[in-house]
Peer 1: 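Below are the structure tokens for one structure; questions will follow.
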Number of protein chains: 2
Amino acid sequence: MTDSFTICAADHTDESLARAAEEHLLDGITATHVAELFKALSDPTRVRIIGLLAHAELCVGDLCLVLGMSQPAVSHQLRVLRNLRIVSARKEGRHVFYTLADEHIHDLFHQGLAHIQHD
Amino acid sequence: MTDSFTICAADHTDESLARAAEEHLLDGITATHVAELFKALSDPTRVRIIGLLAHAELCVGDLCLVLGMSQPAVSHQLRVLRNLRIVSARKEGRHVFYTLADEHIHDLFHQGLAHIQHD
DNA sequence: TTAATATATGAGCATGCATTCATATTTTCG
DNA sequence: CGAAAATATGAATGCATGCTCATATATTAA
């Protein structure tokens, strides 16, 4: 990767800032994982689901009712959140109850919400 | 919206949880704004840009060098971040220096990063 | 077992998005 | 002024994504 400094057309004289910044560049895997985490919160439907689960455990049917969305649409979004370990599923009879998997998710959601509402 | 409770096929007997959750449902505008905020961090390239700007102010050329990406690709992502007020631009001669616009962004980024690295 | 309920899943489609390529704009230097 | 450097922007393209529709799976009830 010695030629990474020739990819960009920009070629100003002082490269010191770039050299110093290089050590803070996230590697591809880390950057991708962080992006995936935030991607879970990058859709209004998923934001609403997380907002609801931040206050109470709910089953799929309840989420459908409150969100006013079809069951497959909600289930697909829940699968996204499950795969990213944002929510956990608990099966009880015919129902599957979902909760936030992590206290960090709770914090991230409220921090993002606070930033929007106080802007 | 009185028929919002008939959209989903699921129709179990106890609707109390859904009724109680309804008051915590985010409105469309708020959910969209929160989603947009997190969408800024939902791409690996933007995550890396924010990670770099969390440590130092950098111009476009420096970002191109460190990221190893083309100048238009970086500029387009910077525009996304600018429009969402995630970063601020400061013009100095031919260069445009970018910084994180807000301390909240700094916190959100580090919280997401910590969640990933300590998982 | 058969029917009904609750949820999950796969295919298809329409939209959004991240990049590239080409070009415009702005600033400095000769 | 003209040329070069730094950045921004527009069009085009390939790929991801969020929904709908149809269907599969699992659990309870009759």
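Numbers restart at 1 for each chain; the letters A, B, ... are given by sequence-line order, proteins then strands.
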Peer 1: Starting at CG of B:Leu67 and ending at P of C:dT20, how long is that distance when rounded to a whole Å?
Peer 2: 12 Å
Peer 1: Is the closest side-chain donor-acceptor distance between B:His115 and A:Asp107 under 3.5 Å?
Peer 2: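 Short answer, no.
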Peer 1: Report the nucleotide, chosen from D:dA22, D:dA29, D:dC19, that has the shortest atom-to-atom distance to any side-chain atom of A:Met69.
Peer 2: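 Of D:dA22, D:dA29, D:dC19, D:dC19 is nearest to the side chain of A:Met69.
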Peer 1: Under 3.5 Å, is there an N or O donor on one side and an acceptor on the other linking the side chain of B:Gln77 and the base of C:dA18?
Peer 2: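 No pair found.
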Peer 1: Nearest-nucleotide wise, let me know which of A:Ser42 and B:Ala89 is further upstream toward the 5' end of DNA chain D.
Peer 2: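 The answer here is B:Ala89.
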Peer 1: From CG of B:Leu78 over to C1' of D:dT7, roughly how many Å is that when rounded to an integer?
Peer 2: 10 Å
Peer 1: Any idea which of D:dA5, C:dG10, C:dA22 is nearest the B:Pro72 side chain?
Peer 2: C:dA22
Peer 1: Counting only N and O atoms by type, is there a donor-acceptor contact under 3.5 Å from the side chain of A:Arg46 to the main-chain atoms of A:Ala40?
Peer 2: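 Yes.
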Peer 1: Of all the choices, D:dT28, D:dA4, D:dT7, which nucleotide is nearest to the side chain of A:Arg94 once you look at every atom?
Peer 2: D:dT28
Peer 1: I need the CZ-P distance between A:Phe38 and C:dC17, as an integer number of Å.
Peer 2: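 My rounded result for the distance is 18 Å.
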Peer 1: It should be established whether B:Lys39 places a side-chain nitrogen or oxygen under 4.0 Å from OP1 or OP2 of nucleotide C:dC17.
Peer 2: yes
Peer 1: With the side chain of B:Ala73 defined as its heavy atoms from C-beta on, choose the nearest nucleotide among D:dC19, C:dT20, D:dT7.
Peer 2: C:dT20
Peer 1: Between A:Ser70 and D:dT20, is there a side-chain N or O to OP1/OP2 distance below 4.0 Å?
Peer 2: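 The answer is yes; a side-chain N or O of A:Ser70 sits under 4.0 Å from OP1 or OP2.
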Peer 1: Rounded to the Å, how far apart are B:Asn83 CG and C:dG16 C1'?
Peer 2: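 Distance, rounded to whole Å: 16 Å.
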Peer 1: Please determine, for the side chain of B:Thr45, which listed nucleotide (C:dT19, C:dA22, C:dT7) has the closest atom?
Peer 2: C:dT19
Peer 1: Ignoring hydrogens and geometry, is there a side-chain-to-backbone donor-acceptor pair from A:His76 to A:Pro72 under 3.5 Å?
Peer 2: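 Indeed, once roles are kept as given, a pair shorter than 3.5 Å links the two residues.
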Peer 1: Taking the minimum atom-to-atom distance to the side chain of A:Asp43, which one of D:dG18, C:dT7, D:dT7 wins?
Peer 2: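 In terms of side-chain proximity for A:Asp43, the closest of D:dG18, C:dT7, D:dT7 is D:dG18.
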Peer 1: For the side chain of B:Asp102 and the backbone of B:Ile105, is there at least one donor-acceptor N/O pair under 3.5 Å apart?
Peer 2: no
Peer 1: Determine the contact category for A:Phe97: base if any of its heavy atoms lies under 4.0 Å from a base atom, sugar-phosphate if only primed atoms, P, OP1 or OP2 are that close, otherwise nothing.
Peer 2: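 Nothing: the residue A:Phe97, judged by heavy atoms under 4.0 Å, touches no strand.
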Peer 1: Which nucleotide in the list D:dA6, D:dT9, D:dG18 gets nearest to the side chain of B:Arg82?
Peer 2: D:dT9
Peer 1: For A:Gly93 and for A:His76, find the nucleotide of DNA chain D with the closest heavy atom, then tell me which residue's nucleotide is more 5'.
Peer 2: A:His76
Peer 1: Using whole Å, what does the distance between atom P of nucleotide C:dG16 and atom CZ of B:Arg46 come to?
Peer 2: 15 Å
Peer 1: Using whole Å, what does the distance between atom C1' of nucleotide D:dA16 and atom CD of A:Glu36 come to?
Peer 2: 13 Å
Peer 1: Give the rounded distance in Å between these two atoms: CG of B:Leu58 and P of D:dA6.
Peer 2: 15 Å
Peer 1: For D:dT7, is there a stacking contact with B:His95, counting only centres under 5.5 Å and planes under 30°?
Peer 2: no
Peer 1: Do the side chain of B:Gln71 and the base of D:dA8 come within less than 3.5 angstrom through a donor-acceptor pair of N or O atoms?
Peer 2: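 Looking at the base of D:dA8, it does pair with a donor or acceptor on the side chain of B:Gln71 (distance under 3.5 Å).
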Peer 1: Can you check whether A:Tyr98 has a side-chain N or O nearer than 4.0 Å to OP1 or OP2 of C:dA6?
Peer 2: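 False: A:Tyr98 side-chain N/O out of range (4.0 Å or more) of C:dA6 OP1/OP2.
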Peer 1: Could you check which of D:dA6, D:dA26, D:dT9 has an atom nearest any side-chain atom of A:Lys91?
Peer 2: D:dA26
Peer 1: Looking at B:Arg79, I'd like to know whether one of its side-chain N or O atoms comes within less than 4.0 Å of OP1 or OP2 on D:dG10.
Peer 2: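 For D:dG10, OP1 or OP2 has a side-chain N or O of B:Arg79 closer than 4.0 Å.
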Peer 1: What pair of heavy atoms forms the shortest contact from A:Gln111 to B:Leu108, and how long is it?
Peer 2: NE2-N, 3.6 Å
Peer 1: For B:Arg90 and C:dT26, what is the distance between atoms CZ and P respectively, to the nearest whole Å?
Peer 2: 20 Å
Peer 1: Using modelled atom types only, decide if a donor and an acceptor are shared between the side chain of B:Ser42 and the backbone of B:Lys39 within a distance under 3.5 Å.
Peer 2: yes
